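One structure is given here, and the rest of the page talks about it.
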Amino acid sequence: MNDRDDEKLQELLRNAVGPIADTELKQDLWPRMLGKLDEQTMRASWLDWVLIALLPLWFFFFPEVIPVLLYHL
Amino acid sequence: MKPLFPTASKEDEGDEMDLLERFAQGELEAFETVFRQFQGEVFGWIVRIVRDPGIAEDLTIETFWRIYRARARFDPSRGFGPWARRIATNAALDHLKTARPEVSLTEDQAQVPPIDPAIQSDIREQIEQAFLHLPAKLQVVARLALIEQQSYEEIAQAMGISVGGVKSRVFRAVRQMRRKLKRLGIEP
């Protein structure tokens with residue numbers, strides 16, 4: 001294997017695959033980006049869901065905290 | 001060759017720095033300006049790697065999402081372009097690792113220029129297949145260096161490796177392809 005062999009293989013590869021002809025972006029992607037940002041902001045983490053699920057249990061075992069919580073809300 | 005990620009002129013440097021600092025602080029308007037300024041360049045870089053405009057659009061969004069999340073770690077004095085290109089390369093690499101080898105370099109998707117008629121279609125297919133079965137890290141470097149003819153310096157910066165590392169990966173990619181083709185009875 002020598003440099004000339006490598007060049008030949010590279011040329012075959014370029015001919016078989018070829019460089020991409022069009023690299024221009026055809027549309028503004030900002031609206032999609034904004035959608036992704038909104039979606040991620042709205043998404044609650046698994047920890048949030050665990051805390052929400054624990055809330056009724058907490059109220060059940062310690063009902064005295066309910067008025068305190070309501071007072072602070 | 002026109003640089004993919006042009007840097008700002010000296011007059012604009014102050015404004016550019018101010019914009020990037022506001023972006024790093026999390027200002028959405030600054031992020032929008034940066035996004036609109038660089039989306040084309042990021043897309044252009046990614047589409048050279050994944051060769052599918054639809055996937056490249058998705059990965060451009062993914063890249064900017066990663067950029068947005070990592071904004072606090074961004075150093076405005078080091079410029080946005082190289083940082084964005086590195087994140088874009090990683091996003092494209094992650095895609096190739098999961099999508100390979102189903103991704104096919106069809107002419108419709110890749111928009112390749114007319115192929116040399118001297119190459120028989122079956123040989124072309126074997127070469128494509130040998131190429132698609134290269135490890136993702138070698139494939140990205142080989143695509144950018146051998147097919148897209150990007151400079152080794154630019155690839156090194158985008159991959160976060162040295163120029164020597166790029167040369168080594170190109171060498172390994174060529175050697176692996178030759179071995180695969182030899183096994184198929186093709187000796188270029």
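Lettering of chains follows the sequences in order, A, B, ..., and the numbering in each one begins at 1. In this text, all values refer to a predicted model and were calculated from it rather than measured experimentally.
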Spacing of [atom1] belonging to [X] relative to [atom2] belonging to [Y], to within rounding of 0.5 Å:
X	Y	atom1	atom2	value
B:Ile61	A:Arg32	CD1	CZ	5.0 Å
A:Leu12	B:Gln126	CG	CD	12.5 Å
A:Asn15	B:Ile123	CG	CD1	12.0 Å
B:Tyr68	A:Lys36	OH	NZ	13.5 Å
A:Thr23	B:Trp45	OG1	CH2	11.5 Å
A:Lys26	B:Glu57	NZ	CD	9.5 Å

Are [X] and [Y] connected, step by step, through hydrophobic side chains (Ile, Leu, Val, Met, Phe, Trp, Tyr) whose heavy atoms are closer than 4.5 Å?
X	Y	answer
A:Trp49	A:Phe59	no
A:Val65	A:Leu54	yes
A:Leu55	A:Val50	yes
B:Ile155	B:Leu138	no

Minimum heavy-atom separation for [X] and [Y], please, with both atom names.
X	Y	result
B:Val47	A:Asp22	CG1-O, 4.4 Å
B:Phe31	A:Leu37	CE2-CD1, 3.9 Å
A:Arg14	B:Leu146	NH1-O, 2.9 Å
A:Ile20	B:Glu148	N-OE2, 2.9 Å
B:Gln39	A:Leu29	OE1-N, 2.9 Å

Contact class of B:Phe64 relative to chain A, heavy atoms under 4.5 angstrom: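 For B:Phe64, backbone and side chain are both near chain A.
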Taking [atom1] in [X] as the centre, count heavy atoms belonging to other residues, nucleotides or ligands within less than 6.0 Å. Is the count above 12?
X	atom1	answer
B:Arg69	CZ	yes
A:Glu64	CD	yes
A:Gln27	CD	yes
B:Arg179	CZ	yes
B:Lys137	NZ	no

Test item: B:Glu32 and A:Met33 side chains (from C-beta on) under 4.5 Å apart, heavy atoms: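 Side chain of B:Glu32 against side chain of A:Met33, heavy atoms only: no contact under 4.5 Å found.
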Test item: A:Leu9 and B:Leu181 side chains (from C-beta on) under 4.5 Å apart, heavy atoms: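 A:Leu9 vs B:Leu181: side chains touch.
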